[in-house]
Amino acid sequence: MPELPEMETYRKLLEERVGGMVITEARVEREKTINIPPEMFIQTVAGNRLKHVGRRGKHLLFELESGHALLLHLMLGGFLYWGSQTDKLERSAQVTLSPGPNILYFHGLRLGYLHLLTRDQTAERLADLGPEPLSPVFTLAQFAQLLSKKKSLLKTALVDQHWLAGIGNCYADEICFHAGILPTRQIPSLTPEETTRLYHAIQAILREAMQAGGYMEVPFYHGDRLTGGYNERCRVYDREGEPCPRCGHRIAKSMLSSRKVFACTNCQT
DNA sequence: AGTGAGACCCGAACGC
DNA sequence: TGCGTTCGGGTCTCAC
């Protein structure tokens, strides 16, 4: 599901294409996707300029000139499409915005949402998130400090948004594989050397995935060659039984608090 | 504090 | 083909 690299890919594409544009029209097809009555939502959003598109963890922030922000979380199965009245998908869209001549379609928002918030409300909603793993202030020392405060299993911590923001089920496994460490390791058992490997794996995997365009299944616009470029690059995620790209051993799947865990039990220790 | 279960939601996958 | 059923999975909340 959409994690940091996918949302960052969307953020960049959106910033380039619709940043600075006036949202001439907003439509709400599913009221539960938003947080206020549709009339109020449309009244505030329509005619408002989209100043900037930001990201925090797995959230996307559409910052409006009025000081409001649209806070997007795609949760499970949510995705975006940017096209025209005719160039659109054969799928229902829960909300559409028209920044400029094209239309931004919000699809698959069942558990996901697009909430219109004031500056203060936005800050409050994001206040509980952990640090951004790719921020320059997120150093190895800070990561080691974070780890020292956790006693849980490694994977449980990696997907905990309050501890570290942006990593989900897929990248947690990919990061552990890159570091050669089992996701089910107890955090207190990690050596300083392993902590260093994990830190560098977080940087390497997230940056590689961002560069490749994440693992979304649906392109962002007609002819999009970036979005979803990471689909073929996952080393262990959803590859149960396939040979490990490092040692050839079969990749194992297990469950951990109703989450799938993929790992090579031979070269990850 | 960590873990687990239930709720949320509906498209996709599956079974007959 | 087609209808009914099951499942998945991030996050929040509430036990234990």
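Just so it is clear: chains get the letters A, B, ... in the order the sequence lines come, proteins before strands, and each one is counted from 1.
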Check the phosphate of B/dT3 against A/Ser257, side-chain N and O only, distance under 4.0 Å to OP1 or OP2. Yes or no? no
Using the salt bridge (charged side-chain N to carboxylate O under 4.0 Å, His left out) rule, take A/Lys58 and A/Glu6 through it: C-alpha gap first, then chi angles, then the decisive distance, then the call. CA-CA 8 Å; A/Lys58 302 178 187 175; A/Glu6 289 70 39; over 6 Å; no
If you look at every strand shown and take non-hydrogen atoms under 4.0 Å, does A/His107 touch a base, only sugar-phosphate, or nothing? nothing
Value in whole Å for how far the P atom of B/dG11 lies from CZ of A/Phe106: 18 Å
Could you tell me how the ring of A/Tyr199 sits relative to the ring of A/Phe143: parallel (under 30°), tilted (30 to 60°) or perpendicular (over 60°)? tilted
Atom-pair distance (NZ on A/Lys58; P on C/dT11), nearest Å: 4 Å
Whole-Å gap separating C1' (C/dC12) and CG (A/Asn35): 17 Å
Which of A/Leu114, A/Leu111, A/Leu109, A/Leu60 passes side-chain contact (heavy atoms from CB on, under 4.5 Å) with A/Leu74? Answer is A/Leu109
Output yes when at least one side-chain N/O atom of A/Arg110 is less than 4.0 Å from OP1 or OP2 of B/dA12, else no. no
Quick check on C/dG10: is either OP1 or OP2 less than 4.0 Å from any side-chain nitrogen or oxygen of A/Gln161? no
I want to verify a distance call: between C/dG10, B/dT3, B/dC9, whose nearest atom is closest to the A/Lys32 side chain? B/dC9
According to a strict under-4.0 Å criterion, is A/His162 in side-chain N/O contact with OP1 or OP2 of C/dC12? yes
Check: A/Tyr10 ring centroid to A/Phe220 ring centroid under 6.0 Å: yes
Whether A/Arg259 contacts C/dG10 is assessed here as follows: a side-chain N or O lying under 4.0 Å from the phosphate OP1 or OP2. Is that the case? yes
Taking the side chain of A/His73 as heavy atoms from C-beta outward, which of B/dG2, C/dT11, B/dC8 is closest to it? C/dT11
Output the single nucleotide from B/dT3, B/dG11, B/dC9 whose closest atom is nearest the side chain of A/Thr156. B/dT3
Taking the side chain as every heavy atom from C-beta outward, state whether A/Phe79 and A/Leu89 have any pair of such atoms under 4.5 Å apart. yes
For C/dG9, take OP1 and OP2 only and decide whether either is under 4.0 Å from a side-chain N or O of A/Lys260. yes
Candidate nucleotides C/dG10, B/dG11, C/dG9, ranked by approach to the side chain of A/Arg91 - the nearest: B/dG11
